[in-house]
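Take a look at the structure set out below.
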Amino acid sequence: MSEKVELGTVKTDVPARLDRLPWARFHWMVVVGLGSVWILDGLEVTMVGNVAARMTEEGSGIDMTAGQIGTAGAIYVFGACVGAIVFGQLTDRFGRRKLFLITLVLYLVATVATAFSFSAWYFFLVRFLTGAGIGGEYAAVNSAIDELIPARMRGRIDLIINGSYWLGAAGGAATTLLFLNTDILPKMIGWRLAFAVGMLLAIFVFVVRKNVPESPRWLFIHGRNDEAERIVGEIEDGIEAETSQTLPSPKKTITVRQRKTISFIEIMKVAFTIYPKRAILCLVLFVGQAFLYNGITFNLGTIFSGFYGVAAASVPIFIILWSLSNFAGPVVLGRLFDTIGRKPMISFSYLGSAVVAVVLAFVFNGEVGGEWLFLLILVVCFFLASSGASAAYLTVSEIFPMETRALAIAFFYAVGTAAGGIAGPMLFGGMIESGDRSQVAWAFCIGAAVMALGGVAELLFGVKAEGADLEDIARPLTAEDAERAESAAESGSERTERSDRAGSAAAAESSAGPEAGSRRERLRLGPGSAGVYAPWPSVSSRDVPPEVSANEVNGIIDFVRDMEPVGEVELYRAIGARRWGPGRFRAAVREAVRQGAVHRNRRGRLEYRGDRS
């Protein structure tokens, strides 16, 4: 892999080429290789919820109370917040691919270490490290997914991927049915082996993930546009071979000023000064879903066992049913986020789940219907809430500029989850330990209120991002830099050209006569073969339109003849076309193609058509 970095201003069609792609095996690889992080997270969180009751029993091999289980959940979330911030900044600096491999390895090591827990403090430590790996995954993986999935399908795919958390939750619950069965395994061994499931899944994910490329969007922003072109070309070749169809030409380009790094201060400035309403929206969405989800998920096992008398070995059955309903939400409602729209669907999912959570609180406090009615209402509540929670990650990953995407995900996840995800488990854990139903019911009502705030924020500040290109939802910072620089350069070029014409016209006409004016136009400086100026063009100025010179056309023809098929961006930089003046480069390329000396291949790259000798 090329690591060559050469910074400058570059015009690229990479985003448009990625967004026009039909769904293919490549996209399934992205979904499986990257989206599986949510399965791992669901597995981890639910695993603790399922084994919580067993870990508080005598003979489990670890002495922990229900309150300490809630604390462990809060520490896991805190670790995820720290990991998101640390790895999020590294993701924007060093690339998506490097970090989603590093964070997966951290998770793998930490989850294996969890199986060897012998005391509360050790369990807290390894849960922190496991959370750090998962938090880092969020930043690297969500940014990469959104940058590789076509815009028209981004909403539903993102929601389903985020919703796959609950496949992990159901899998974790099903696994513990075996491992918590004391007829098969002793109390002190079964819950430890349960964590080995996470290790096995992580190894499988690592093998698949090694084939997922770096985000081409990240590459061209960071000066590695040749590598971005190569990766997109390979993806296109694979899809054309798979579908036996020629892809249509991309219709949009974007100009960016490449930068190696962007400071954390600048990113925060962008979020809170350029997009303050979007920043508030993301914070409220994250706080709401984190409070309700983490508060209930980490303590659901103890709710069923402590208040409904469900045996520890049977708790996973309830968890499985609840988890499947959570996955069904994004799968069933996901396409509506791309059709009806983000704003109405996100507000509906947040407000709807809040209303049902209040009903749940009254049913729980009144001891109505037993554990099965409680489960039924819980299923309805989280069928809606899971779509909203998934949409929170989708929102923050698509409404901020490209260069800030990973760290924006990290920041809002960390801040929102720290406020809601740490407070939720501790509040629920403490109230559950009290044994007072009314206190737990109040916790449900608080969760409902925070979710309702998220729905209101979406109504006020929501962004209509369905079907839109990421670069249209929030222009890259580097694109704005490039546009300002290009505008200034064009203005300066026009002023210089006007001055040169005014200063030399009279002298030229008096000393050389009318014939010299024609010759001077033919000798206009332009790039020749390999970037060397060619004063004697092979194409007469009479053969080209007045907006370009023969020298400019010949320069393009000569360069393309001497090189392998070349992209317009690479050609533009190599021949120094930015000095020509506005619009001249594209006009010269069109003229070279019109004359038949150059043509575009099926990937849109320029090739020489003629005798290379």
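In this chain, numbering begins with 1 at the start of the sequence shown.
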How close do I377 and V356 get, heavy atom to heavy atom, and via which atoms? O-CG1, 3.7 Å

I want to check something: taking the side chain as every heavy atom from C-beta on, are L384 and F348 in contact at a cut-off of under 4.5 Å? yes

With side-chain contact (heavy atoms from CB on, under 4.5 Å) as the criterion, how do V14 and E229 come out once you've worked through the C-alpha distance, each side chain's angles and the decisive distance to 0.1 Å? CA-CA 7 Å; V14 162; E229 291 278 348; 4.3 Å; yes

With side-chain contact (heavy atoms from CB on, under 4.5 Å) as the test, would you mind laying out the steps for L375 and V379 before giving the verdict? CA-CA 6 Å; L375 177 65; V379 161; 4.2 Å; yes

Can you tell me how far CZ of F26 sits from CD1 of I149, rounded to the nearest 0.5 angstrom? 7.5 Å

Show your reasoning for whether side-chain contact (heavy atoms from CB on, under 4.5 Å) applies to H27 and I157. CA-CA 10 Å; H27 298 105; I157 296 301; over 6 Å; no

Heavy-atom check, side chain of L159 versus side chain of S386, under 4.5 Å: no

Could you grab the distance from atom CD1 of I399 to atom NZ of K277, nearest 0.5 Å is fine? 12.5 Å

Can you tell me if CZ on F461 sees more than 12 non-hydrogen neighbours from other groups inside 6.0 Å? yes

Taking all atoms of both residues into account, what is the closest heavy-atom pair of L148 and P216, and its distance? CD2-CD, 3.7 Å

Side-chain donor/acceptor of D338 to backbone N/O of G334, under 3.5 Å: no

By the salt bridge (charged side-chain N to carboxylate O under 4.0 Å, His left out) test, which pairs, at least two apart or in different chains, include something from residues 77-89? none

I'd like to know if the side chain of S349 reaches the main chain of I346, judged simply by a donor and an acceptor atom lying under 3.5 Å from each other, with no hydrogens or angles considered. yes

Taken to the nearest 0.5 Å, the spacing of I340 CD1 from M345 CE works out to 5.5 Å

Taking the inter-plane angle between the rings of W23 and W28 on a 0 to 90° scale, is it parallel (under 30°), tilted (30 to 60°) or perpendicular (over 60°)? perpendicular

Correct closest heavy-atom pair for L285 and G454 would be CD2-O, 3.6 Å

Check: P248 main-chain N/O paired with R20 side-chain donor or acceptor under 3.5 Å: yes

Are Y350 and V456 close enough, and set up right, to give a side-chain contact (heavy atoms from CB on, under 4.5 Å), and what steps lead you there? CA-CA 9 Å; Y350 269 77; V456 172; over 6 Å; no

For the pair F364 and F374, name the ring-plane relationship: parallel under 30°, tilted 30 to 60°, perpendicular over 60°. tilted

CD1/I160 to CG/L167 distance, rounded to the nearest 0.5 angstrom? 10.5 Å

Output yes when D158 and R154 qualify as a salt bridge under the 4.0 Å nitrogen-oxygen rule, no when they do not. no

Side-chain heavy-atom pair L459, L351 within 4.5 angstrom cut-off: yes

Can you tell me if CZ on R335 sees more than 12 non-hydrogen neighbours from other groups inside 6.0 Å? no

Which atom of S325 lies closest to which atom of F383, heavy atoms considered: O-CD1, 3.7 Å

Can you see which heavy atom on P330 is nearest to which on S390, and at what distance? CG-OG, 3.9 Å

Do R278 side-chain atoms and V463 backbone N/O form a donor-acceptor pair below 3.5 Å? no

Identify, with sequence neighbours excluded, every residue that meets side chain to side chain donor-acceptor pair (under 3.5 Å) alongside E458. none

Quick one: pull up CZ in F337 and OG in S387 and give me the separation to the nearest 0.5 Å. 5.0 Å

Given side chains that start at C-beta, do those of V368 and F362 come closer than 4.5 Å, heavy atoms only? no

For Y393, which residues count as a ring-ring contact (aromatic ring centres under 6.0 Å, His included) partner, sequence neighbours excluded? W38, Y138, F286

Over all heavy atoms of both residues, which pair between S438 and N365 is shortest? Give the atoms and the distance, please. CA-OD1, 3.2 Å

d(E236 CD, L18 CG) to nearest 0.5 Å is 8.0 Å

